[in-house]
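Below is one structure, written out as structure tokens; comments come after it.
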Amino acid sequence: MAKEITKKHIIDCFNTLSRKYSIDNITVNMIVAEAGVSKSTFYRLFLDKYDVMNYNYKLVLDEIFEKTKFKSWGELFINILTFVEKDSKRVKNAFLSEGINSYEKFVFDYSFNRMNDKFFEKHGHYLGKNEIYSAKIVIYGCVNTVRDWLFDGRPISKVELAQQIDRTIPEEYQILC
């Protein structure tokens with residue numbers, strides 16, 4: 001139990017830092033100083049700062065997907081956009097990271113795996129070769145649309161954006177909700 005409490009504390013401190021700095025500018029030294037833990041404690045719980053970021057956002061996304069029952073992509077995206085609005089500074093800073101460990105890549109990979117698992121639940125097999133690419137188009141589009149919406153100053157309401165996303169999801173993926 002103490003391990004989980006310490007892990008949560010480190011994540012909370014990481015979140016505090018990520019409201020002030022982009023992920024690329026946060027260091028493990030900054031995280032351990034903010035959390036008041038030793039580097040050895042940090043490294044017993046996480047591989048690096050990206051592991052903290054990924055674990056943190058996996059918890060958020062799992063909560064959105066698991067605890068919220070939604071009937072459409074629009075409902076799903078209202079929940080996602082509510083999270084983005086609630087902590088927009090942190091999400092914006094997360095989107096500023098680039099490369100193999102970027103937040104955008106993590107969200108894409110996580111979402112693709114969720115979609116593939118949902119497809120398996122509904123059809124008894126994973127996405128096929130052609131389905132993989134159409135699923136990637138959908139997910140890239142959704143991730144980048146949310147990113148643009150955030151960086152453009154949220155020019156339309158989250159409900160309007162969620163409705164637009166819902167209307168663009170191909171019929172074969174509508175059943176995955």
Next item on the list: Just jot down the ring pair (Phe, Tyr, Trp, His ring centres under 6.0 Å) partners of Phe83, sequence neighbours excluded, or say none.
Entry: none
Notebook entry, point to check: With Tyr103, which residues qualify under ring pair (Phe, Tyr, Trp, His ring centres under 6.0 Å), at least two apart?
Noted result: Tyr57, Phe95
Check: Which of these, Asn56, Asp62, Leu61, sits in a side-chain contact (heavy atoms from CB on, under 4.5 Å) with Lys58?
Finding: Asp62
Checklist line | Audit row: Gln164, Thr145, side chain to side chain contact (heavy atoms under 4.5 Å, CB included) steps and yes/no | finding: CA-CA 10 Å; Gln164 288 182 20; Thr145 298; over 6 Å; no
In this structure, would [X] and [Y] fall into the same cluster of hydrophobic residues linked by side-chain contacts under 4.5 Å?
| X | Y | value |
| --- | --- | --- |
| Ile156 | Val91 | yes |
| Tyr55 | Val60 | yes |
| Ile64 | Val159 | no |
| Val28 | Phe14 | yes |

What's the shortest heavy-atom distance between [X] and [Y], and which atoms?
| X | Y | value |
| --- | --- | --- |
| Ile78 | Ala162 | CG1-CB, 3.5 Å |
| Ala35 | Cys13 | CA-SG, 3.5 Å |
| Glu104 | Val143 | CG-CG1, 3.8 Å |
| Ile23 | Ser18 | CD1-CB, 4.1 Å |
| Ile31 | Lys49 | CD1-CB, 3.9 Å |

Roughly how far, to the nearest 0.5 Å, is [atom2] of [Y] from [atom1] of [X]?
| X | Y | atom1 | atom2 | value |
| --- | --- | --- | --- | --- |
| Asp148 | Leu161 | CG | CG | 10.0 Å |
| Asn15 | Met53 | CG | CE | 11.5 Å |
| Thr41 | His9 | OG1 | NE2 | 11.0 Å |
| Ser111 | Ile80 | OG | CD1 | 6.5 Å |
| Lys158 | Glu85 | NZ | CD | 4.5 Å |
| Leu150 | Lys89 | CG | NZ | 10.0 Å |

Give a yes or no on whether the backbone of [Y] and the side-chain of [X] come within a donor-acceptor separation of less than 3.5 Å.
| X | Y | answer |
| --- | --- | --- |
| Glu75 | Lys71 | yes |
| Glu121 | Lys118 | no |
| Asn113 | Asp109 | yes |
| Asp51 | Phe46 | no |
| Gln174 | Asp166 | yes |

Check: Under 30°, 30 to 60°, or over 60°: which ring-plane class applies to His123 and His125, parallel, tilted or perpendicular?
Finding: tilted
Next item on the list: May I ask you to decide if the ring planes of Tyr173 and Phe119 are parallel, tilted or perpendicular, using 30° and 60° as cut-offs?
Entry: tilted
Do [X] and [Y] have side chains that get closer than 4.5 Å, going by heavy atoms?
| X | Y | value |
| --- | --- | --- |
| Lys3 | Thr6 | no |
| Phe65 | Tyr110 | yes |
| Val138 | Pro170 | yes |
| Val146 | Val84 | yes |
| Phe42 | Val52 | yes |
| Ile11 | Leu59 | yes |
| Tyr126 | Ile132 | no |
| Leu81 | Arg154 | no |

Next item on the list: Verify the neighbour count for atom CD of Glu98: are there more than 12 heavy atoms of other residues, nucleotides or ligands below 6.0 Å?
Entry: no
Margin query: Under the ring-ring contact (aromatic ring centres under 6.0 Å, His included) definition, can you give me all pairs with a residue in residues 134-170, not counting sequence neighbours?
Written below: Phe108-Tyr140
Next item on the list: Decide yes or no on side chain to side chain contact (heavy atoms under 4.5 Å, CB included) for Thr27 and Met30, but give the supporting numbers first.
Entry: CA-CA 5 Å; Thr27 65; Met30 291 167 72; 3.1 Å; yes
Next item on the list: Determine, stepwise, if the pair Phe77 / Gln163 fulfils side chain to side chain contact (heavy atoms under 4.5 Å, CB included).
Entry: CA-CA 8 Å; Phe77 272 90; Gln163 289 170 344; over 6 Å; no
Next item on the list: Kindly indicate whether a cation-pi arrangement holds for Lys136 with Tyr133, taking the cut-offs as under 6.0 Å to the six-membered ring centre and within 45° of the axis.
Entry: yes
Check: Would you say the side-chain atoms of Tyr50 and Ser97 include a donor-acceptor pair closer than 3.5 Å?
Finding: no
Margin query: Do Asn25 and Ser22 pair up side chain to side chain, a donor and an acceptor below 3.5 Å, judged on atom types alone?
Written below: yes
Margin query: For a side-chain hydrogen bond (donor to acceptor under 3.5 Å, both in side chains) check, start with the C-alpha distance between Asn93 and Lys20, then their side-chain angles and the critical distance, and finish with the verdict.
Written below: CA-CA 8 Å; Asn93 280 340; Lys20 298 175 191 172; over 6 Å; no
Notebook entry, point to check: Between Ser157 and Glu160, does a side-chain hydrogen bond (donor to acceptor under 3.5 Å, both in side chains) hold up when you go through it step by step?
Noted result: CA-CA 5 Å; Ser157 75; Glu160 291 171 302; 3.2 Å; yes
